[in-house]
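Since we're looking at a predicted model, the values are computed, not measured. Throughout, residue positions are numbered sequentially from 1 according to the sequence presented. Keep in mind that the numbers below use all heavy atoms, side chains included, and drop hydrogens, waters and symmetry copies.
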Amino acid sequence: MAAPKKSAAKETTQDKAGGASPSNVPPFTKEQELGAFREMLLIRRFEEKAGQLYGMGAIGGFCHLYIGQEAVVVGMQMALREGDQVITGYRDHGHMLACGMDANGVMAELTGRRGGYSKGKGGSMHMFSREKSFFGGHGIVGAQVSLGTGIAFANRYRGDGRVCLAYFGDGAANQGQVYESFNMAELWKLPVVYVIENNRYAMGTSVTRSSAQTDFSKRGVSFNIPGEQVDGMDVRAVKAAGDKAVAHCRAGNGPFILEMQTYRYRGHSMSDPAKYRSREEVDKIRNDQDPIEQVRKRLLGLDMTEDDLKAIDAEVRKVVNESADFAQHDPEPDPSEVYTDVYR
């Protein structure tokens with residue numbers, strides 16, 4: 001039996017990728033704008049290069065690109081302090097780079113080389129860095145929410161004042177383990193910010209067809225967890241919301257939910273042709289709301305020139321090209337490593 005169609009009114013509730021970006025969002029300093037511009041550009045260029053290498057056959061398996069969503073992780077990272085933890089799902093390269101993980105190590109893991117963060121044995125979805133407090137990269141949908149809640153429990157148990165960010169998407173938001181985690185986090189007042197990266201299509205199904213409640217910031221209402229919708233295409237709005245949520249957690253008030261209304265320009269993974277949406281829709285959001293272009297325009301209004309910004313782009317491209325070269329020439333893992341670091 002075919003599922004009944006949702007009302008036409010509901011289908012138009014998310015015509016824009018970004019939520020309301022309040023006019024009172026604190027402006028960035030020039031240094032903050034430059035930092036955000038470079039970090040988002042690094043993620044964009046890295047992901048573009050990863051897509052190219054995948055097309056060439058240098059990267060195998062699954063590869064989920066973060067192009068379009070850069071403002072979310074860069075803005076949230078600006079709200080953290082050293083020692084705070086990050087955990088996410090399989091669209092994770094941007095999170096790694098924003099945490100400060102080396103581009104060479106990330107790209108080498110994508111190509112399965114021994115210089116990768118998991119020694120070439122984990123691939124796109126399984127990279128970690130204790131040094132940078134990045135706890136994965138997880139291929140099981142929603143699994144990172146429970147794990148992130150556990151990390152926050154450890155923080156509370158130790159009394160170390162740290163906050164954990166647990167990222168997941170609109171598709172994972174319907175997982176049962178997410179709500180079990182919500183319940184425990186509020187019950188025990190755990191310092192965890194649940195960041196829902198709502199890019200509207202999960203693996204390929206619009207939120208208006210798959211979710212009865214499309215305001216994901218309300219998903220914690222029955223657990224008394226406060227939530228907020230954020231324009232995830234505006235890095236300033238993301239940082240402002242992140243500051244508020246992290247302060248809430250660090251003060252011992254329990255978890256906080258942030259729904260980042262964002263958009264991915266590519267398909268769910270490199271094998272997804274994304275025929276469930278129109279090219280016109282993608283182009284409109286890219287032209288009107290692109291997170292990097294927003295910062296670029298603001299920098300041009302702060303006595304920066306096009307040449308200045310092109311120089312930053314050239315520097316970023318150099319880093320990314322070097323990472324690609326390293327990832328294609330670094331040796332593959334020795335066969336003797338196959339059982340190393342495997343727990344039985």
Side-chain angles (χ1 to χ4, degrees), residues 1-19 40 43-73 88-95 110 123-125 137-142 144 167-175 178 196-216 229 231-233 259-293:
M1 178 178 176
K5 291 184 177 181
K6 302 266 179 127
S7 68
K10 188 170 184 178
E11 290 289 351
T12 61
T13 56
Q14 293 206 3
D15 289 336
K16 291 182 66 179
M40 290 194 291
I43 295 170
R44 177 75 56 92
R45 299 296 181 238
F46 183 96
E47 294 289 66
E48 289 170 347
K49 181 61 71 174
Q52 291 174 9
L53 293 178
Y54 188 93
M56 294 164 53
I59 295 174
F62 289 97
C63 186
H64 307 82
L65 303 183
Y66 200 63
I67 297 173
Q69 299 183 212
E70 298 90 351
V72 176
V73 70
T88 188
Y90 39 76
R91 196 179 309 280
D92 53 4
H93 313 150
H95 302 73
L110 294 180
S124 178
M125 296 182 265
H138 294 272
I140 298 175
V141 176
Q144 73 275 18
Y167 290 88
F168 56 105
D170 48 286
N174 293 323
Q175 287 275 323
V178 170
I196 304 175
E197 298 194 73
N198 178 9
N199 61 29
R200 300 173 59 176
Y201 288 103
M203 285 184 66
T205 303
S206 169
V207 294
T208 57
R209 295 179 56 221
S210 60
S211 297
Q213 172 55 273
T214 59
D215 184 342
F216 291 91
Q229 283 188 325
D231 181 356
M233 306 297 274
E259 179 197 347
M260 299 293 173
Q261 295 188 327
T262 185
Y263 197 83
R264 55 174 166 80
Y265 298 161
R266 302 289 185 92
H268 170 69
S269 69
M270 286 297 296
S271 60
D272 173 20
K275 293 181 178 179
Y276 40 81
R277 59 185 183 180
S278 68
R279 180 175 293 276
E280 289 74 22
E281 176 184 297
V282 180
D283 288 344
K284 178 171 174 56
I285 291 177
R286 185 190 285 268
N287 293 332
D288 295 349
Q289 301 178 58
D290 184 77
I292 298 175
E293 182 63 17

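Using a 4.5 Å cut-off on side-chain heavy atoms (C-beta onward), Y167 and I196 make no contact. Proximity of T88 to F168: side-chain heavy atoms (C-beta onward) are nowhere separated by under 4.5 Å. For the pair Y263 and I67, the minimum side-chain heavy-atom distance is 4.5 Å or more. At least one side-chain heavy atom of Q229 sits under 4.5 Å from a side-chain heavy atom of D215. Between N287 and K284, every side-chain heavy-atom pair lies at or beyond the 4.5 Å cut-off.
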**Request:** Go through N174 and S210 one step at a time and tell me if the side-chain hydrogen bond (donor to acceptor under 3.5 Å, both in side chains) criterion holds.
**Result:** CA-CA 9 Å; N174 293 323; S210 60; 4.7 Å; no
**Request:** Under the side chain to side chain contact (heavy atoms under 4.5 Å, CB included) rule, what do R91 and Q69 come out as? Steps first, then yes or no, please.
**Result:** CA-CA 10 Å; R91 196 179 309 280; Q69 299 183 212; 3.8 Å; yes
**Request:** Apply side chain to side chain contact (heavy atoms under 4.5 Å, CB included) to the pair S211 and F216, showing each step before the final yes or no.
**Result:** CA-CA 9 Å; S211 297; F216 291 91; 3.7 Å; yes
**Item:** Derivation and outcome, side chain to side chain contact (heavy atoms under 4.5 Å, CB included), residues Q175 and V141
**Value:** CA-CA 8 Å; Q175 287 275 323; V141 176; 4.0 Å; yes
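H93 pairs by the ring pair (Phe, Tyr, Trp, His ring centres under 6.0 Å) definition with nothing, not counting sequence neighbours.
The shortest non-hydrogen separation linking T262 to G68 is OG1-O, 3.8 Å. A pairwise comparison of heavy atoms in A172 and V178 identifies O-CG2, 3.3 Å as the closest pair. Scanning all heavy atoms of the two residues, the minimum distance from T208 to S206 falls at OG1-OG, 2.8 Å. Of all the heavy atoms in P291 and A71, the pair that sits closest is CB-CB, 3.6 Å. Taking each heavy atom of G139 and M125 in turn, the nearest pair found is CA-SD, 3.8 Å. When all heavy atoms are compared, the tightest approach of A50 to I59 is O-CD1, 3.6 Å.
Judged purely by distance below 3.5 Å, without hydrogens or angles, the side chains of H64 and R264 never pair a donor atom with an acceptor atom. A side-chain N or O of N198 and one of E259 form a donor-acceptor pair less than 3.5 Å apart. Using modelled atom types, one finds a donor on one side chain and an acceptor on the other under 3.5 Å when comparing Y66 with E197.
The distance between the ring centers of H268 and F62 does not fall below 6.0 angstrom.
When each of N199, D283, D290 is checked for a side chain to side chain donor-acceptor pair (under 3.5 Å) with Y265, only D290 meets the rule.
Within 6.0 Å of the CE atom in M270, the count of heavy atoms belonging to other residues, nucleotides or ligands exceeds 12.
The salt bridge (Lys or Arg N to Asp or Glu O under 4.0 Å) contacts involving residues 48-68 comprise R45-E48, where partners must be two or more places apart or lie in separate chains.
Distance check: R277 CZ to I285 CD1 gives 8.0 Å after rounding to the nearest 0.5 Å. Atom CD of residue E47 and atom CD of residue Q52 lie 12.0 Å apart, to the nearest 0.5 angstrom.
Using a 30° and 60° split on the angle between ring planes, Y201 and Y276 fall in the tilted class, from 30° to 60°.
Proximity of a side-chain donor or acceptor of S278 to a complementary backbone N or O of E281 within less than 3.5 Å is detected. The closest donor-acceptor contact from the side chain of R266 to the backbone of L65 lies at 3.5 Å or more, if one exists at all.
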